[in-house]
Structures are given as C-alpha cells and as structure tokens.
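Worksheet: one structure, shown below.
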Amino acid sequence: MNILSIGSVAFDSIQTPFGKVNKALGGSATFFSLTASNFIKTSVVAVVGKDFTLKNQKIFTRKNIDISGLEKAPGKTFFWSGKYSFDLNSRETLFTHLNVFKNFKPKISAKHALSPFVFLGNIHPILQLEVLKQIKSPKLIGCDTMNLWIDTEKKELIKVLKSIDILIINDSEARQMAKEPNLLTASKKILSLMAKKTDRIPPVLVVKKGEHGLIMLQGKKFFSLPSYPLEKVLDPTGAGDSFAGGFFGFLAKTENLSWNNLKKACAYGTVTASFCVEQFGTKALENLTVTQIQKRYQEFKDLTHFELTKNK
Ligand code: AMP
C-alpha cells in the first residue's frame, strides 16, 4: 500500500509574533508527505522551479519519500508569504506567487495511477480534478482546500467534493463554504454536497478548529476531539497538512476505514500536527520519528480518556 500526494511544494516567508523565516521549504504536499511518510511509503506529485535545490530535495529523500513525480520546470518555485496574529489563530496572506504552478499540468505515471490512497492537497481545484481523472481504482481519496478556492473556484470545488471520500478543512473554511455561521449546521450542509457516487466509504468530513481541536462527521455519526496541549507554539503553517498526513497515513497503513479507526486517525493527525507547530516551517518534521509519534499518541490517549478502567 502507498499514498499518492498531490499539492504544492513551495517556498514560504512567514512572520509570527515569535520570529520569522524567509523562503523556507513549505507547501501542502511537503507537510503532508513529511508526516504521512512516518506511516507508509508516500509519493509526491507537484512542480518546482530551478531555484529548488539539492538540499531541499534531500528533505524528502531522507524520509524515503518518492519524488519521481516532482517535476522541475523552468521558472521559480511557488512562493507564498503569510503573517500571523498575536494569538496565532488568524493569518493574513501577504502574497501568493504561483510561478511554475501557473502552467502546471499534473501527469500521473502509470505506477502512480495505481495508488490505492490518494490525497489531493491544497491546490487549484481544476488541478485536483485533472489528477482524479488519471487515477485507476482508488480505495480512498482525501482532499483539502482553502479560502482562496472557495472564493474564486466554488463550482469546480463542488465537482471535487462529489468525487472524494474525506474532506479535511478548517472551521472558517467550513463556514465560508456553507455560508452558515453555526459550525455543526455548516458541516452537515457540506456533507450533503459530498453526494455518494462510489462504492467506497460514506463521505467523511473533518473540520479542524486550530487549538480547539476538531469535529468529524460521517452520515449521522459525530466525533469531537481536543488538540494536543502545547505551551510552545512558534508557527502554525502546515499544521493542517501535517494533520492530514498523520490522519491519512494511519488509515493507509492500517487499511481499516471503520468509524473507530477514523477516530484513531484523528488522534494520530492531531499528534503529527502538534509537532509541526513547535518549530518554523518543516524543521520539526524533518527529523520526527515514529517513536516520538507513538509516545505522544499514548500521552494524548491518556489525557482524552475520562472513564476509569478496572486496572487504573
Ligand atoms: P496550512 O497552514 O496547512 O494552510 O498550509 C500552509 C501551506 O500552504 C504553506 O506552506 C503554503 O506554501 C501553502 N499554500 C498557501 N497558499 C496556497 C495556494 N493558493 N495553493 C497551494 N498551496 C498554498
């Protein structure tokens, strides 16, 4: 089993109240693959420019990530810049330079087209649809998006929603997409947009609430989980993609799509995202180990369980 991850590979310039970085490696597919690869072999399909260095490349290959689908095009790598508020709960995009993404047409190799698990990271919905057309017989398709595409490409985005199994978005995006202030009502509306057309699993929606955890819905089933409590948070960039990497990585590794396993996947996603925000950019994820993930998962399990068992 393996995961095919499509999204952006980028350079990010980030300012938070705790510091800043200039042109650090980032992008939705980068954060996703760095976390998912702790669970299962992960391949990346994306485009970078001539300014993408061997040092950048090694960040992927050291985690055994397959970058044969990472195209190198003439021009500059996607460049994004964001600035966070004092409490890190909101961020302003300072600029988005699409660069090589402007002309990117994802070409999925014969090997990648057979990937059972596919994650469509945050990129233009038209690119997400182009990728989906090339996938042969997926077992599970996950997807992320952002406010920009909800604003500008809603029609295409709804087409994407109708072809996927799991949508992972944040609370402000859910409210914006459903045009509804109540999060639960908004979530139910979005779930109803994800009409079931396949014989895979009934659609699942995960809505992340930053430091306040998440909710997950599937049909009439509902789950809620807090975030992992941290005193040191330096940079939330990539937390969403790192959540998705842990969540999807765990599902792909266990090949179990039951409601109970989806709940466990939420816990693994929460834990992998918690590592991401402790340092700027991808720094914390580059050397993250499975042992560290397992240790924090156990701590998280203890602090979210409240019913006494016989032995404790
Ligand atoms: P997150 O904090 O999980 O929303 O992800 C942040 C990452 O998304 C950054 O590393 C950016 O490079 C990337 N990003 C920002 N805007 C876009 C966009 N329009 N398309 C694709 N990736 C983006």
Side-chain angles (χ1 to χ4, degrees), residues 5-16 21-36 44-49 52 56 59-60 76-85 88-102 104 106 119-128 131 142-153 156-157 160 167-174 176 206-211 214 227 233-248 269-270 272-277 279-286:
S5 146
I6 294 97
S8 55
V9 171
F11 289 129
D12 292 345
S13 288
I14 305 157
Q15 297 173 38
T16 83
V21 284
N22 191 30
K23 287 207 159 187
L25 179 66
S28 54
T30 303
F31 287 104
F32 180 91
S33 60
L34 285 176
T35 44
V44 172
V45 170
V47 62
V48 291
F52 188 80
N56 299 137
I59 294 178
F60 292 86
K76 284 188 175 170
T77 301
F78 180 98
F79 186 19
W80 174 83
S81 178
K83 186 179 175 184
Y84 288 84
S85 63
L88 299 175
N89 276 330
S90 58
R91 91 173 163 211
E92 182 194 347
T93 290
L94 300 177
F95 59 78
T96 303
H97 297 322
L98 289 177
N99 297 335
V100 286
F101 256 101
K102 258 187 239 155
F104 181 50
F119 191 78
L120 306 169
N122 172 31
I123 39 166
H124 197 298
I126 290 181
L127 294 185
Q128 293 179 322
V131 168
C143 175
D144 183 13
T145 190
M146 72 182 295
N147 53 357
L148 174 67
W149 312 125
I150 302 170
D151 254 354
T152 60
E153 298 291 341
E156 300 302 321
L157 190 57
V160 176
L167 177 67
I168 304 178
I169 51 175
N170 69 35
D171 48 358
S172 62
E173 290 158 356
Q176 183 192 357
V206 179
V207 181
K208 300 158 291 167
K209 302 190 289 175
E211 63 175 321
L214 62 83
S227 67
V233 178
L234 291 187
D235 172 19
T237 308
D241 309 305
S242 305
F243 170 87
F247 177 92
F248 220 67
T270 300
T272 46
S274 76
F275 285 105
C276 172
V277 302
Q279 305 225 24
F280 274 86
T282 56
K283 218 154 178 221
L285 303 179
E286 289 168 24

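Ligands are counted one by one from 1 in listed order, and the atoms in each one are counted from 1 as well. Bear in mind the structure is a predicted one, so any value in this text is a computation, not a measurement.
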- Query: With no hydrogens and no angle check, do the side chains of Ser85 and Ser90 hold a donor and an acceptor under 3.5 Å apart?
  - Reply: yes

- Message: Could you tell me if Ser227 and Thr270 have a donor-acceptor pair between their side chains, going purely by distance under 3.5 Å?
- Response: no

Has ligand 1 got any nitrogen or oxygen that is less than 3.5 angstrom from a nitrogen or oxygen of [X]?
X: Thr96; result: no
X: Asp12; result: yes
X: Ile123; result: no
X: Asp241; result: yes
X: Gly238; result: yes
X: Ser8; result: yes

Return the closest protein heavy atom for [atom] as residue, atom name and distance.
atom: atom 8 (O) of ligand 1; result: Ser28 N, 4.2 Å
atom: atom 4 (O) of ligand 1; result: Arg91 NH2, 3.0 Å
atom: atom 16 (N) of ligand 1; result: Trp80 CD1, 3.5 Å
atom: atom 19 (N) of ligand 1; result: Met146 SD, 3.4 Å

- Task: For Lys76, look at atom NZ and say whether over 12 heavy atoms of other residues, nucleotides or ligands are found less than 6.0 Å away.
- Result: no

- Query: Does NZ in Lys283 sit with more than 12 non-hydrogen atoms of other residues, nucleotides or ligands closer than 6.0 Å?
  - Reply: no

Which of the atoms in ligand 1, numbered in the order shown and given with their element, are less than 4.0 Å from a heavy-atom of [X]?
X: Ala10; value: 12 (O)
X: Gly26; value: 10 (O)
X: Leu148; value: 19 (N)
X: Asn122; value: 17 (C), 18 (C), 20 (N), 21 (C), 22 (N), 23 (C)
X: Thr237; value: 2 (O), 6 (C), 9 (C), 10 (O)

Looking at [atom1] of [X] and [atom2] of [Y], how far apart are the two atoms once the value is rounded to the nearest 0.5 Å?
X: Ser81; Y: Lys23; atom1: OG; atom2: NZ; result: 11.0 Å
X: Thr35; Y: Phe248; atom1: OG1; atom2: CZ; result: 12.0 Å
X: Thr96; Y: Leu148; atom1: OG1; atom2: CG; result: 6.5 Å

- Under 30°, 30 to 60°, or over 60°: which ring-plane class applies to Phe79 and Phe95, parallel, tilted or perpendicular? perpendicular

- Query: How are the rings of Phe78 and Phe101 set to each other: parallel, tilted or perpendicular (split at 30° and 60°)?
  - Reply: perpendicular

- Item | Exam field: side chain Thr93 to backbone Gly82, donor-acceptor pair closer than 3.5 Å | no

- Task: Carefully, step by step, assess Glu211 and Asn89 under the rule side chain to side chain contact (heavy atoms under 4.5 Å, CB included).
- Result: CA-CA 8 Å; Glu211 63 175 321; Asn89 276 330; 3.0 Å; yes

Can a non-hydrogen atom of [X] be found less than 4.0 Å from any atom of ligand 1?
X: Phe78; answer: yes
X: Phe243; answer: no
X: Phe31; answer: yes

